[in-house]
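Scope of the values below: all heavy atoms of this structure, side chains included, with no hydrogens, waters or symmetry mates. Predicted model, so just to flag it, every value in this text is computed and none were measured. The first residue of the sequence shown is numbered 1, and numbering continues consecutively from there.
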Amino acid sequence: MNFHLNNLPERTAKPRDVGFTMVMDKGLSLREAEDLIEISGDYIDIVKMGWSTSYVTPIFKEKVELFRSAGIPCYLGGTLFEAFVVRDQFEDYRKVLDQYKLEYAEVSDGSVEMNHDDKCEFISTLSKQVTVLSEVGSKDAAKIIPPYKWIEQMQTELDAGAWKVIGEAREGGNVGLFRDSGEVRQGLVEEILTKIPTEKIIWEAPQKAQQVWFIKLCGANVNLGNIAPNEVIPLETIRLGLRGDTFSHFIGE
């Protein structure tokens, strides 16, 4: 850090298991990725190539290698996994992971109807090849999943071999964990945390107010995802109580 301040929350150091920041790349150029690494690389744990953008990104391979050289792994958005599976191309998807030397994969069912046992089987198979992040929740705002179902699915997916589970919110933060206004479904989150350890969950929280809410609830080292590239530094100040939103929250801890 550039100067010393007393009584700041202690942040975990990379490689982190908790306090994870997952950044969503929706189409960064190589130059933009280089700039992101220069200014924010110390605070980024993993980069998700959003939904299926990797399919149409011309410099995808070069970008994956750039992030890898900086010690930041990348993975493909869950929607791309679903696009392969719905076309009966799961084995082709596995070859893609090997082709680009990807060490992580996301298994989701937010856009397709998938038998949950089948989803767990995909997780189990992929966990023998890569580290699996499994996403729970629907991208359909009209589909409200009751808390017990979130808990049940998260636990069975962890049992199937997922390293962590991701709480769905999309890049807008207006479905799944959140109402269409972006407001947190507080009762849902609190009930999930009665059964699933917070360190096993990455909460998608693209909006500042959502990030603040989770940090106040779970602490500076809560796992957060779908963070925009230009919000990584601001998020770190929120984690440390160095922005007005959490300024008083950590004083005296």
Side-chain angles (χ1 to χ4, degrees), residues 1-26 28 32-33 35-48 67 70-73 133 137 154 163-174 176-179 181-253:
M1 300 303 172
N2 296 317
F3 18 78
H4 176 74
L5 284 170
N6 293 322
N7 302 322
L8 293 181
E10 184 175 348
R11 284 286 280 127
T12 51
K14 293 175 67 173
R16 279 182 276 261
D17 185 58
V18 295
F20 216 66
T21 294
M22 175 260 279
V23 168
M24 177 180 278
D25 177 347
K26 299 194 288 186
L28 295 176
E32 289 171 323
D35 290 344
L36 176 64
I37 291 166
E38 178 183 1
I39 193 67
S40 303
D42 288 346
Y43 309 117
I44 300 171
D45 297 282
I46 198 165
V47 171
K48 172 165 67 174
F67 279 120
I72 302 172
L133 301 166
M154 284 181 166
W163 175 57
K164 293 188 189 297
V165 289
I166 301 171
E168 171 72 77
R170 300 197 73 176
E171 72 276 12
N174 55 3
L177 297 169
F178 307 102
R179 297 180 172 87
S181 64
E183 180 187 0
V184 183
R185 296 184 187 277
Q186 183 173 340
L188 167 63
V189 172
E190 291 178 346
E191 192 159 346
I192 288 171
L193 287 172
T194 65
K195 299 294 184 182
I196 308 297
T198 184
E199 64 268 19
K200 300 302 292 184
I201 306 170
I202 299 175
W203 307 99
E204 291 187 344
Q207 298 182 26
K208 184 187 76 165
Q210 298 165 353
Q211 297 159 17
V212 169
W213 190 89
F214 278 107
I215 288 167
K216 286 183 174 180
L217 179 69
C218 300
N221 291 303
V222 64
N223 301 316
L224 297 175
N226 283 14
I227 306 303
N230 64 346
E231 293 295 333
V232 177
I233 293 290
L235 170 60
E236 197 63 23
T237 64
I238 296 170
R239 288 186 185 275
L240 293 172
L242 295 175
R243 190 170 181 173
D245 310 87
T246 54
F247 190 86
S248 301
H249 187 70
F250 294 111
I251 294 294
E253 282 198 356

Name each donor-acceptor pair under 3.5 Å that joins a side chain in residues 215-227 to protein atoms two or more places apart or in another chain, with its distance.
{"residue": "Lys216", "atom": "NZ", "partner": "Asp245", "partner atom": "O", "Å": "3.3"}
{"residue": "Asn221", "atom": "OD1", "partner": "Arg11", "partner atom": "NH1", "Å": "2.6"}
{"residue": "Asn221", "atom": "OD1", "partner": "Thr12", "partner atom": "N", "Å": "3.2"}
{"residue": "Asn221", "atom": "OD1", "partner": "Thr12", "partner atom": "OG1", "Å": "3.4"}
{"residue": "Asn221", "atom": "ND2", "partner": "Glu10", "partner atom": "O", "Å": "2.9"}
{"residue": "Asn223", "atom": "OD1", "partner": "Gly19", "partner atom": "N", "Å": "3.0"}
{"residue": "Asn223", "atom": "OD1", "partner": "Phe20", "partner atom": "N", "Å": "2.9"}
{"residue": "Asn223", "atom": "ND2", "partner": "Glu199", "partner atom": "O", "Å": "3.2"}
{"residue": "Asn223", "atom": "ND2", "partner": "Ile201", "partner atom": "O", "Å": "3.1"}
{"residue": "Asn226", "atom": "OD1", "partner": "Lys48", "partner atom": "NZ", "Å": "3.0"}
{"residue": "Asn226", "atom": "ND2", "partner": "Arg170", "partner atom": "O", "Å": "3.1"}
{"residue": "Asn226", "atom": "ND2", "partner": "Glu204", "partner atom": "OE1", "Å": "3.3"}

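- For Lys164 against Ile202, the heavy-atom pair with the smallest separation is CD-CG1, 3.9 Å.
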Residue pair Asn7, Phe250: steps toward the side chain to side chain contact (heavy atoms under 4.5 Å, CB included) verdict: CA-CA 8 Å; Asn7 302 322; Phe250 294 111; over 6 Å; no
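- Of all non-hydrogen atoms in Trp213 and Gln186, the two that sit nearest each other are CZ2-CG, 3.4 Å.
- Taking CD1 of Ile46 as the start and CZ of Arg16 as the end, the distance is 12.5 Å to the nearest 0.5 Å.
- Interatomic distance, Ile233 CD1 to Thr237 OG1, rounded to the nearest 0.5 Å: 8.5 Å.
- Under the rule for a ring pair (Phe, Tyr, Trp, His ring centres under 6.0 Å), Tyr43 has no partner lying at least two apart in sequence or in another chain.
- Aromatic ring pairs are classed by plane angle as parallel below 30°, tilted from 30° to 60° and perpendicular above 60°; the pair Phe214 and Phe178 is perpendicular.
- To the nearest 0.5 Å, the span separating CG on Leu5 from CG on Leu240 amounts to 9.5 Å.
- Under the 3.5 Å distance criterion, the side-chain polar atoms of Lys14 are matched with a main-chain donor or acceptor of Gly41.
- Rounded to the nearest 0.5 Å, atoms CG (Asp42) and OG1 (Thr21) are 11.5 Å apart.
- The minimum heavy-atom distance linking Met24 with Pro229 is given by the pair O-CD, 3.5 Å.
- For the atom pair CD (Gln211) and CG (Leu235), the distance works out to 5.0 Å, reported to the nearest 0.5 Å.
- In this view, Ser181 and Arg179, Glu183 satisfy the side chain to side chain contact (heavy atoms under 4.5 Å, CB included) rule, not counting sequence neighbours.
- Residues Ile44 and Val47 approach most closely at CG2-CG2, 3.9 Å, considering heavy atoms.
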Verdict with supporting geometry, Asp25 and Leu36, side chain to side chain contact (heavy atoms under 4.5 Å, CB included): CA-CA 11 Å; Asp25 177 347; Leu36 176 64; over 6 Å; no
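- The two atoms that bring Gly182 and Gln210 nearest to each other are O-NE2, 3.0 Å, heavy atoms only.
- Heavy atoms only, all atoms of each residue included: Gly71 and Pro73 are closest at O-CD, 3.7 Å.
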